[in-house]
Amino acid sequence: MNQQGEKTPAYYIQTYGCQMNVRDSEIMSGLLEAMGYCAADKPEDASVILFNTCSVRHSAENKVYGKLGEISVLKRRNPDLIIAFGGCMAQLPEVQARLKRIGVDVVFGTHNIHELPYLIEQAQQTKTPVFQVWDKEGPVEENLPSVRRAGISAFVNIMYGCNNFCSYCIVPYTRGRERSRSPADIIKEVRQLAAQGYREVTLLGQNVNSYGKGLDETVDFADLLAMAAEVEGIDRVRFTTSHPKDMSEKLIDTIASNPVICEHVHVPLQAGSNRILQRMNRGYTREHYLELTNRMRERIPGVAITSDLIVGFPGEEEDDFADTLDMVEKVRFDAAFTFMYSPRRGTRAAEYTDQVPLEVKKARLSQLNLIQYRIAREINQALEGKIEEVLVEGPSKTDKTKLTSRTRTNRVVIITGSEDLVGKIIPVRITKGNSFSLFGEVLPTD
Ligand code: SAH
Ligand code: SF4
Ligand code: F3S
């Protein structure tokens, strides 16, 4: 209730996609709360429903359209309901055309999130759909309000956009050119997070290794990591994503030598065949990648190396796929996200005529998963009996009587213990390891 005794209007955000979107949704929440809205637990209770969408694969888009169909039922019941649609899908002309037909109230893009309050008000006043998507990125917007998920770990954007144009990827089209935030703004945000009780930050960018280009000062990602690690109260610094072509010696040394920086590098290989890597426009070879990951393993004791892998890229023959499996066996990823190639309109690879049939992609994905899951299980089982330092995050999502925690290497460890362990860094003994998680027992501390 507000002071006039009226019910406070509520908003609900449905978020899809990567950590960037999770972070953007926190900003959308901040903007809506500054307008006087409060968060609703379910869409039925909201007068503004927001979709923050992802277009990285066809399946991601389908999920959004499915949910939009469900929500449209609410709109029929309540014509004053505002449905707002933002994120990566909103940047695409074919999606905008479809949204015009479906009839949503507000469409905004990834470059004009800050305009959201104004666009919602406009739609409420005019009772007509408001479409406002910028084709190009503007300057980096600082000082927007944001409502972060309560907890002990927070995401911090350090850069936006991507210049790499991997031939399969829509992100450079939906997020614009690469631009870095100033180190002063980033460190100020990390300090504020520490003051609010967060103990861990994850620095976010599509390619964090190229951080700093275009800034007035000379600063690179290794410098920024070291600065973030110095912030008092922040015990762990993580980062994602690293591009194999831009991983410097200095960065490896910084990760190796700084105890606050976690020894986990997400460095997507995508494919194991040099011919496919070249067609993907990735800018490295399998030999380079192997040499890089071997070097990281030598120099950063206990480092976890994780990857993204795509099967069925256009022109991928059995030999090429065998090269991916071979790399998976050689590198032994601690974890990997695996995907079937999905053609994205407007990208170069979507034009290639030698698309791989769906059945072949499916078969390759399950073959790859079998191998990757086995390797991850072997690595995790080898940890049984060992002691790991974990940061306790909160109640486990699957079993509320347990707690979930994370090792420095980003492995989830399910433990039994009291809630006052949340936010603490404690040693645990690993009792069991499977492909995706570990179980551990809390060790007595004196
Ligand atoms: N910037 C990050 C991740 C971007 S998207 C990086 O460069 O690694 C996350 C992952 O989605 C990619 O690493 C890739 O494996 C996958 N992906 C991107 N486009 C895809 C497509 N068209 N089909 C299938 N997977 C795709
Ligand atoms: Fe996409 Fe490649 Fe940029 Fe990653 S580096 S966001 S895969 S274009
Ligand atoms: Fe992220 Fe999906 Fe956009 S992966 S950058 S939300 S296309």
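Since the model is a prediction, treat every value here as computed from it, not as a measurement. Counting starts at 1 for both ligands and their atoms, in listed order.
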[X] bridged to [Y] by N-O distance under 4.0 Å:
X: Arg98; Y: Glu94; value: no
X: Arg181; Y: Glu189; value: yes
X: Arg332; Y: Glu378; value: yes
X: Lys250; Y: Asp223; value: yes
X: Arg364; Y: Glu316; value: yes
X: Asp105; Y: Lys75; value: yes
X: Asp326; Y: Arg286; value: yes

Closer than 4.0 Å to some heavy atom of Gln206 - which atoms of ligand 3 meet that?
5 (S)
Would you check if the side chain of Gln91 reaches a backbone N or O of Thr110 as a donor-acceptor pair within less than 3.5 Å?
yes
Backbone of Phe239 reached by a side-chain donor or acceptor of Thr202 within 3.5 Å:
no
Could you tell me which residues satisfy side chain to side chain donor-acceptor pair (under 3.5 Å) with Thr324, sequence neighbours excluded, listed by chain and number?
none
contact_flag Gln19 ligand 3 heavy-atom lt 4.0 Å
no
Distance flag, aromatic centroids of Phe131 and Phe108, threshold under 6.0 Å
no
Please confirm whether Tyr373 and Phe436 have ring centers closer than 6.0 angstrom.
yes
Ligand 2: which residues have a non-hydrogen atom closer than 4.0 Å?
Cys162, Asn164, Phe165, Cys166, Tyr168, Cys169, Val171, Pro172, Gln206, His243, Arg282
Less than 2.8 Å away from atom 3 (Fe) of ligand 3, how many protein N/O/S atoms can be counted, ignoring water?
1
Would you please write out the protein residues whose heavy atoms approach any atom of ligand 1 to under 4.0 angstrom, listed by chain and number?
Val56, Arg57, Tyr168, Gln206, Thr241, Pro268, Gln270, Arg282, Asp308, Ile310, Phe339, Met340, Tyr341, Ser342, Arg344
Do other residues, nucleotides or ligands put more than 12 heavy atoms under 6.0 Å from the CD atom of Glu329?
yes
Please determine which of Asn274, Asp354, Asp320 meets the side-chain hydrogen bond (donor to acceptor under 3.5 Å, both in side chains) test together with Arg279.
Asp354
